[in-house]
Structures are given as structure tokens and as C-alpha cells.
Amino acid sequence: MLERWLRGVAESSLSSYIQGLGRTEDLRDLIPKGIRLEFPKKEGFGEISTPVAMHLAPILKQPPRKIAEALRSGVIRHPQLESVEIAGPGYVNFTFSREALLETLEQVLDHSSSLIVPADTRKKLLLEFVSANPTGPLHVGHGRGAAYGDALARILRSVGHDVETEYYINDAGNQMEMLGRSTCLAWRRLQREVPPEEEERFLKGGTPYKGDYIREIADFILKTEGLLSEQEMASALDPAGNEKDYLPKFTHISQSTIMGGIKEDLDRFGVSFDAFFSERTLHLEPAGSGSDAISTWIRRIGQASSSLQDEAVPDVYEADGAVWLRTTILGDDKDRVLLRSDGRLTYFAADIAYHAEKIQRGFDVMIDVWGADHHGYIPRMNAAIRTLSGLLGRVADLRIALVQLVNLIRDGRPVSMSTRGGEFVTLREVLDEVGVDATRFLYLTRSHDSSLDFDLNKARERSMDNPVYYVQYAHARVKSILRQAEARSILVPERWTLSDLESLVQPEERDLVRFLDRFSYILNEVPQSLEVHPVTEYLTDLAGRYHHYYFHHRILSQDPQDEKVMIGRIGLSIAVGRVLRSGLEILGVSAPDSM
RNA sequence: GCGCCUGUAGCUCAGUCGGAUAGAGCGAUAGACUUCGAAUCUAAAGGUCGGGGGUUCGAUUCCCUCCAGGCGCGCCA
């Protein structure tokens, strides 16, 4: 809040200085990135600092200290600032007045005002995440994507954006058939031995899905569908025979069972989606064959592009009996097939259709959260988006966030995982073991772009290795103090005024107040960076500062003479509690009143 | 072979799209509960920012190169 204000006055001060030099450019033209503001960690460099004078010096051909001086004289008259100092080669260090800081505290305590200053422009965003294939339960890797995507959605909403979240279900293609065959085979095994030749023939040389969940589904089918005669079984398992009747049934039951389990897990994890989008629906349209089919198909998606009806789609061509998209123009290794020579669409083609659909729904920005193993997919998707932009006549903005691997650690050793072999730790198992709060928080302590070591032993510990408890404890501590105050019948103001807070004079108090003010700033950085971990880091830091304060200054005084001081400190505590609760909620973590 | 991510204290990691003396936690060391919750706090210790070049007034940050680890390179999804 103070940061936002300071940015404004600094901009106008520098702008008038630049005009005074006889230059016609806008400040934004000279430094497109804007004025850089920093929060110095060291004492003595002010509360907010800027090296902007050094950035402008070579552009304006003026000495940095001179620019700094101009900036200083332009802002110093504001009562919000206690001092503005120029240091070193040309840093400008701002220190806020006590009144300005107390006013921000008053705002934090005002329940009618939001803790968070909204972004300048409200955008319509579509956030797609998790999108795990419905061929098996969510594992720890999906869990990280779920925690990240959900927290990102909450943060983007908290700063005022209009966010829709979506889960793309890959319910088409070979994998679904293989899923059906896998459960069918397992179901068969529940009745009698299956000779290897029969298994091989049935699976058509493919690799079946394994794992307990396949057997459980088979068991479920056995219970609901019963046994079949040997003759019926034989036809059910014959790849050339009766599979049309049986296989879709197995596929359907398997998929809906797995998807139901995924939704249960997400629900328990506190992750919700506005919509689930089925890939299969995209394959129903259109008919046709060859490059003509893909063109009409893409056009049908882009109904807005009526002017293109009879033109060839750019970058789409036919070769080797298949239809290709020229993705190499945007750095892909090779062009990619859209329509196979057998007339079926590829996964990529469907994904393009899906994104075309997104674009037409009118989102300003699409954000896709993918597992890191999909990074090779980025160039072709960017190429596709470019083609779609031309086709649909509007520029589409796609941002892709890759979530790196999760390494589970137990007893100091990595837990080996292999999805193919059905050996993996499910999200559900982790939630059973360490709980929702710790799991979510730990997933968000590192940048999504770095691989994460998830230590199951430490996740269960209640130590500083497990910062979720540290933060929750600070919140519980605030609540505990308030309970004490109530028990002692201390009169806490319902509506806080500056005079209630004037007693806050300690350096630790000032530090806390200005740190509370930074909450909004941290959240407002997220839409650009798409990084969520600064929020967990901020909360951990805030909790630490409060614990520190608590140990050095008694909040509830024994001495009735100190009532004024006590009220101020209670106010500060309430403010810390509000920000901690708000921050934890934004991460999808609970803020218990007692632990 | 090519591409993406990573390499910072013993360990796990921050480091704000080039800025001031590189920061936390854990672990190890020494301390603090007759007082608001010790799931906490305090103190000191710990660094050739993977190696080497380059650009710059200034590089952990940008460029090149090498080394190490992870992941990916289908008319699979």
C-alpha cells in the first residue's frame, strides 16, 4: 500500500525532472520496467530504497546523485515520509513517518477495508491445472500441481482478477482402450489363470496399467456384473471378437471410477475446479478426411473466422498421408502431426481445439500448469497458439508454468517411484500420513520451477523444518492472547483509531507494521511472476517477526497503568493475526485458533 | 546428439527481470520456562555463489564455454 503510493509520487517527481531537462519522453519510455523499489534487509538503508537514479543516469546523461537529489526534493514534502536520504553512488532511501505507518495499521484493522490492494486492471484468466490422465489415481507429482494451481487461482482472485479454473480430462485415445483392457484382464484373473499367450494377444503387445487400483476396479466389476460363462469370457477377451460389447464397458467403468477417486482426492485436498473439460467431446467433430478435414475442423472451432472459409489454413500441410502443422517456425525440432494417416486426430490436434475453444471464450490470458516432463511440448503449443491467433483474428496470450518433480524422501532415502509399474505413492497416502495443511504448505515452499524434496518424516514433525506449524502457531498465539484479554475483561476497541495505536513506539513494532504493509505488494507480484512461494516465505517471515516481538515485549501488561500500551499491542497482534489468516487461506491452509 | 530445469553455508533452499556488507531454517555449539502458549526465543559459528572466460562503474544475476545432476526428445497421451 505504501509501496504503491511511493511509486506514484516518485514517478511524478522524476517525470517533472525529466521535463525540466527539456526531454519529451515519458518516464515509461526511458525505463520500461518502471521504478525499481527494494526492501533493504539491512538497517540504515531506509524502509524502501530505489536504485532508479543509477538506472536513469546513463540515459539522461546526468550524474546519478543529481537525479537522486531531484527525486528527493520532489517527494520530501509529503508528510508520509519522515526522511529521504541519498546514499552511496545514488541510492534513494525512504523512511516513512510514524503517522503513515500507523495509518496503514489502522487500515489492516478496519474490517470494512480489504487487506489487499487490487491490481490496476482486472483480467479474465483461465487457469488449467492438474489435468491428470484418468488412468490412475493422483500421485504426489499431481499433488504438487494441484496445490500450486489452486493457490495461484486464489492469489490471482485475491488481487481482483476474474479466474476460471479447469481440469482437462484426457479421456480419448489408445490409453483409454488400454485401461479397459487392463481392468478386463484383471477381472479375468479374478476368475481363472490367464495364460501368457492369451494375455499377450489380448493386450496386442501393449503395456497394461498395473497397481492395486486396477485390481480393485476389476473386483468392483466382478461384484456388480457377476461372472460370465467360459464362452462369454472367451468372446469378451478375444481382441477380434466381442470386444465391441465388453471393452467399452470396462473402459467406461474404469474411467468413471478413477475420475471419481481423483475428484474425491481433490475435494479432500481443498482443490476445486470450475469445470472439467472432456477431450472426447472434441473428437466428435468433424468428419471428413485428409487435409481438408483438418482445415474444416480447425475452422469449425474458429467459427469467428468466416472470412477464411475457403482458404487453406496457414502452416498446415499434407505429407506422407498425414496432416501436419509447421511447428518448426517457432523452434520446434520437427513439424507435428495433426491428423494421422488412418484418419484419426492426434492428442495435439485435440489440444489445439481445446485452446481454440478457450480463446473463443474470451480470456485475456490462458495459464497452463504442466508437469515438467511436458516441457518438450511447449514449442509446438506456442506454434499452435500463433496459428490459432491468425485464424481466430485475435492475439491469444498463453503462459505455461512447468511444475518440476517431487522427490519423496523417507528415512533419509528417496522413495522409488515408477508410474508404469504401478509403484507410486498416491496423494491420498501422503494426505493420510501428513495431513492436508502440511502437504499443501510444503508443496508451496519452493519455486514450482525447482524440483522439490518432500521429506515425509519431517513433514510429520512439528519443527521449524516444517514451517506450516510455525506459521499456524503464530496465529494461534495471537488468538490465545485475545482469549486472555477477554478473560481479563480488557476493553478492545471495535473500531480502531490512530489514538489507540499511538503507543506503538518500539523498533520491533515499527518493523512489524511496515512488514504487514508488504503483504499486498507480495500478492500483487504473483500475476507477473506466477511464483507462489514468495507468499509462503512472507508468512513464515511474518510469523518469525511476531514470535520475536512476543518474546521481547509483553503484550498483556500486569500493570493497569500501561493500558494504553497494552491496547496498542493488542491492535498490532490482531493485525498480524488477520494477515496470517488471510495469507494461509490464500494458500488453502487452515489457520487454527488453537493447536 | 539436441532441448528444458537445476548447481549458493554440513543439509534443504531464498536472493525482488545488473546494485549497498549474499540471507533464512535445519543440524552442530552455548544459553532462556515462578510471568501473555518453549510447536517459541537469544547468541556466536558456518560462503572461491559448480570451474573458467567475457560484457559493465558494478555480476549470484546477462553472454560464451566446460563440468555435474534431473527431465524430455512418437502418426503415444
Side-chain angles (χ1 to χ4, degrees), chain A residues 32-33 36-42 44-45 49-51 54-55 57-58 64 87-91 93 133 135 170-176 178 206 279 320-324 331-334 336-342 344-348 350-351 371-379 402 404-405 407 409 412 445-447 449-453 455 458 461-467 469-470 472-474 476-477 479-485 487-488 521-522 525 528-529 531 533-534 537 540-541 543-544 546-558 566 569-570 573 594-595:
Chain A
K33 294 169 187 170
R36 180 190 175 87
L37 296 180
E38 300 171 346
F39 302 97
K41 287 185 177 172
K42 296 280 181 182
F45 293 144
S49 169
T50 178
M54 270 120 56
H55 295 162
Y91 288 98
N93 299 333
N133 292 347
T135 54
N170 300 134
D171 52 3
N174 302 337
Q175 60 173 8
M176 297 319 296
M178 184 49 79
E279 178 191 353
D320 302 330
V323 178
W324 301 70
D332 201 0
D333 297 336
K334 49 173 290 191
R336 304 292 168 175
V337 171
L338 296 172
L339 189 70
R340 298 185 185 93
S341 45
D342 66 3
R344 293 182 307 138
L345 292 167
T346 60
Y347 168 85
F348 179 44
D351 211 9
D373 53 346
H374 287 71
H375 72 253
Y377 199 75
I378 293 174
L402 291 181
Q404 298 289 334
L405 282 186
N407 304 308
I409 311 284
T445 51
R446 305 287 172 244
S447 168
D449 215 8
S450 294
S451 63
L452 174 77
D453 286 344
D455 190 321
K458 286 185 175 172
E461 277 177 27
R462 297 176 169 193
S463 69
M464 192 42 212
D465 251 356
N466 195 357
Y469 293 111
Y470 187 78
Q472 287 181 325
Y473 184 58
R477 175 167 262 173
K479 291 295 179 182
S480 172
I481 289 166
L482 296 179
R483 283 194 295 272
Q484 288 278 336
R488 284 207 225 159
Y521 171 83
I522 298 284
E525 292 288 288
Q528 180 53 40
S529 69
E531 294 281 11
H533 73 279
E537 204 163 300
T540 309
D541 200 345
Y546 187 70
H547 288 312
H548 172 86
Y549 173 58
Y550 173 90
F551 255 81
H552 286 80
H553 301 286
R554 194 174 174 83
I555 290 159
L556 300 179
S557 172
Q558 308 287 47
M566 186 163 64
R569 290 178 178 178
I570 289 173
S573 297
S594 65
M595 300 170 65

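Every chain is numbered from 1 and lettered A, B, ... according to where its sequence line falls, protein lines coming before strand lines.
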Roughly how many Å apart are [M] and [N], using the [atom1] atom of each and rounding to a whole number?
N     : M     : atom1 : answer
B/U56 : B/G51 : P     : 23 Å
B/G15 : B/U61 : C1'   : 9 Å
B/C66 : B/C57 : P     : 28 Å
B/C73 : B/A77 : P     : 13 Å
B/C2  : B/G58 : C1'   : 36 Å
B/A28 : B/A44 : C1'   : 12 Å
B/G25 : B/C67 : C1'   : 30 Å
B/G7  : B/C49 : C1'   : 10 Å

Closest approach to the side chain of [X], judged atom by atom: which nucleotide of [options] is it?
X        : options             : result
A/Arg554 : B/U40, B/U35, B/A77 : B/U35
A/Tyr473 : B/C76, B/A38, B/U16 : B/A38
A/Asp449 : B/C5, B/U12, B/A39  : B/C5
A/Glu525 : B/C75, B/U16, B/C36 : B/U16
A/Ala476 : B/G37, B/C36, B/C41 : B/G37
A/Trp324 : B/U42, B/A20, B/C75 : B/C75
A/Arg36  : B/C76, B/U42, B/U16 : B/U16

All N/O pairs under 3.5 Å across the protein-nucleotides 71-73 of chain B interface:
none

Listed by chain and number, what are the ring-ring contact (aromatic ring centres under 6.0 Å, His included) partners of [X], not counting sequence neighbours?
X        : result
A/Phe551 : none
A/Phe45  : none
A/Tyr550 : none

| remark: Walking RNA chain B from its 5' end, the first of A/His553 and A/Asp342 to be reached, judged by nearest nucleotide, is A/His553
| task | Let me know, please, whether A/Phe551 or A/Leu402 comes out on the 5' side of the other along RNA chain B by nearest nucleotide. | result | A/Leu402
Using a 4.0 Å heavy-atom cut-off across all strands, classify [X] as base, sugar-phosphate, or nothing.
X        : value
A/Thr135 : nothing
A/Ser451 : sugar-phosphate
A/Asp171 : nothing
A/His533 : sugar-phosphate

Sequence neighbours excluded, which residues qualify as side chain to side chain contact (heavy atoms under 4.5 Å, CB included) partners of [X]?
X        : value
A/Glu537 : A/His533
A/Ser557 : A/Asp559, A/Asp562, A/Met566
A/Asp453 : A/Asn407, A/Ile409

Rounded to the nearest Å, what distance is computed from the [atom1] atom of residue [X] to the [atom2] atom of nucleotide [N]?
X        : N     : atom1 : atom2 : result
A/His548 : B/A38 : NE2   : P     : 16 Å
A/Tyr550 : B/U35 : OH    : P     : 10 Å
A/Arg446 : B/C26 : CZ    : P     : 13 Å
A/His55  : B/U56 : NE2   : C1'   : 13 Å

| note | Rounded to the nearest 0.5 angstrom, the CD-OG1 distance for A/Glu38 and A/Thr50 is 7.0 Å
| Is the base of B/C33 syn or anti, if syn means a glycosidic angle within 90° of 0? | syn
| task | Check side-chain hydrogen bond (donor to acceptor under 3.5 Å, both in side chains) between A/Asp449 and all other residues, then give those that pass, not counting sequence neighbours. | result | A/Gln404
| Which class fits the ring pair A/Tyr549 and A/Tyr546: parallel under 30°, tilted 30 to 60°, perpendicular over 60°? | tilted
| remark: Note on RNA chain B: ranges paired as stems (three or more Watson-Crick/G-U pairs in a row, both atom distances under 3.5 Å) are B:1-7 with B:67-73, B:10-13 with B:23-26, B:29-32 with B:40-43, B:50-54 with B:62-66
| field | Carboxylate-amine/guanidinium proximity below 4.0 Å for A/Asp342 and A/Arg340 | value | no
Is the base of [N] touched by the side chain of [X] through a donor-acceptor pair closer than 3.5 angstrom?
X        : N     : result
A/Asp541 : B/A14 : no
A/Ser341 : B/C75 : yes
A/Ser49  : B/A20 : yes

| Shortest non-hydrogen separation from A/Asn170 to A/Gln175 and the atoms involved | O-NE2, 2.8 Å
